[in-house]
Amino acid sequence: MDEDRIETRAVHGGERRPGPEGSVVYPIYQGTVYSVPSGTDYHDLRYIRLNSTPSQSYLHDKLAALEGAEAGLATASGMAAITTALHSVLRSGDHLLVGDCLYGGTHDFLTQHAADFGWTFTFIDPHRPETWEAALTAKTKAVLVESITNPLVRVGRLPEVAAFARANGLVSLIDNTFATPVNFRPVTAGFDLVLHSATKYLNGHSDIVAGAVVGDAEHVERARTTSNHFGGTLDPHAGFLLARGLKTLALRVRAQNENALRLAEFLADRPEVAEVNHPGLASHPDHQRASELFDGFGGMLSIRPAGGVSAAQKLIDAVRLPFDAPSLGGVESLITRPAATSHAGMSPQDRLALGVTDDLVRISVGVESPEDLVADFEQALGTL
Ligand SMILES: *Cc1c(COP(=O)(O)O)cnc(C)c1O
């Protein structure tokens, strides 16, 4: 199974053959508790919060198969995956290195709560190894980066980050939400723990909240123990929908890769658009690295209209296919102005430092026809 291509793994990875009662589709085990031999270890009791019931184990195997990892754990949200993984590797007094362009929730969790746990952290630039060296202390225990950053879709020196962590005895963690295992498999690149907001591409239908932690058996078991204590377990109904979504992950992401590149190329040629950020464009600063590391450039792009904030808002109002909404990774295209939504919690100075200008528009490209998407943006640009 590990040898199979990602399309095959998405369908067959983790599946039970034969399934219970011969079922081709793994059912929802709703029961909260199961009888087990007396003397079973607490974490191996089959109880729903302990992440050990049949539907949960099935989903864990499916998640692991997709990332080519030994083990997987589903969590109640992407933030539960991130906080659980960090709590499983950091103790009071420990120091963490984190990429300087983080998902807003992760940024806010660290800036507002790390001190409560006795953790310290230093922002590093995943493009500049000298910043990693400079930030390293005797207390540094882990490093956390993102495979593609939001919303400028930058791609750092990811395998070097993992190698740096290994050389210095750090646990390496990566949020692979934007790239998905279809485009990038961090375990192969040397990362210990891969985190996901499964709310996004993994589920792909904008109808559940879920997260995932995958990696080697030892690190994932530690994360499961932490999750069992903190209680952020995924409900089997949401888990069922996630497993269903996973089966079409490769198809969806391939279509999104193609659509986003088509749209980015179209927008880059338009006079109404001053800047297009998409790693598939030769003009993107990380195009070369993304070409080497990734099998596809992803479904996310951001643009800056030539007419500033008012043109940005006009464009968002004028498109007919994308919904005006934050979030990402679903089959429907979404369009949003990060300064007003995903990054609204940040100070204007912090936003500017990251390049999140007020006129920046982010697009999560769906699986609609690329011709229809391009035509829709063409008519919308015509109104500017
Ligand atoms: C959405 C997102 C998260 C948080 O996920 P939730 O499922 O909303 O908790 C974390 N990282 C990235 C990159 C995301 O896009």
Side-chain angles (χ1 to χ4, degrees), residues 59 63 67 72-87 96 98-113 126 143-156 158 173-184 186 191 193-214 223 227 230-235 238-239 241-242 245-246 249 252-253 256 260 277 279 294 298-302 325-330 333-336 338 341-346 354 356 360 362-366:
L59 177 60
L63 289 166
E67 286 282 7
L73 173 76
T75 57
S77 69
M79 284 313 301
I82 291 164
T83 57
T84 298
L86 288 176
H87 275 288
L96 170 73
V98 275
D100 56 8
C101 187
L102 284 180
Y103 172 72
T106 311
H107 177 273
D108 294 350
F109 170 71
L110 287 171
T111 53
Q112 296 178 37
H113 297 284
V143 55
L144 167 66
V145 294
E146 298 182 0
S147 50
I148 304 179
T149 67
N150 175 30
L152 295 179
V153 285
R154 299 296 307 262
V155 180
L158 304 174
L173 304 100
I174 185 166
D175 183 332
N176 199 33
T177 300
F178 270 47
T180 84
V182 177
N183 291 331
F184 182 54
F191 282 89
L193 283 173
V194 185
L195 316 174
H196 278 278
S197 169
T199 312
K200 316 292 171 50
Y201 288 101
L202 293 191
N203 176 60
H205 294 76
S206 309
D207 53 10
I208 61 162
V209 59
V213 179
V214 297
S227 171
F230 279 71
T233 304
L234 186 68
D235 171 80
L241 288 176
L242 175 53
L246 286 174
L249 177 72
R252 288 185 281 105
V253 171
Q256 285 162 317
N277 304 303
F294 294 171
M300 300 299 295
L301 60 109
S302 57
S327 197
L328 58 124
S333 293
L334 302 175
I335 189 164
T336 192
T341 56
S342 57
H343 291 64
M346 264 184 192
L354 291 178
V356 184
L360 193 74
R362 189 186 76 177
I363 304 160
S364 169
V365 182

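Computed over heavy atoms, backbone and side chain alike; hydrogens, waters and symmetry mates excluded. Note that ligands are numbered from 1 as they come in the structure, with each ligand's atoms numbered from 1 the same way.
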Subject >> Proximal protein residues to ligand 1, non-hydrogen atoms under 4.0 angstrom >> reply: Ser77, Gly78, Met79, Ile82, Tyr103, Asp175, Thr177, Phe178, Ser197, Thr199, Lys200, Val209, Ala210, Leu328

Subject >> Sole residue of Leu334, Val153, Leu328 in side-chain contact (heavy atoms from CB on, under 4.5 Å) with Arg362 >> reply: Leu328

Original post:
Considering residues at least two apart in sequence or located in another chain, which fulfil the side chain to side chain donor-acceptor pair (under 3.5 Å) criterion with Ser364?
Top reply: none

Subject >> Partner set under ring pair (Phe, Tyr, Trp, His ring centres under 6.0 Å) for Phe294, not counting sequence neighbours >> reply: Phe184

**OP:** Compute whether any side-chain donor of one residue and acceptor of the other, for Thr84 and Thr75, lie under 3.5 angstrom apart.
**Re:** no

**OP:** Using modelled atom types only, decide if a donor and an acceptor are shared between the side chain of Glu146 and the backbone of Gly99 within a distance under 3.5 Å.
**Re:** no

Subject >> With sequence neighbours excluded, residues passing side chain to side chain donor-acceptor pair (under 3.5 Å) with Thr83 >> reply: none

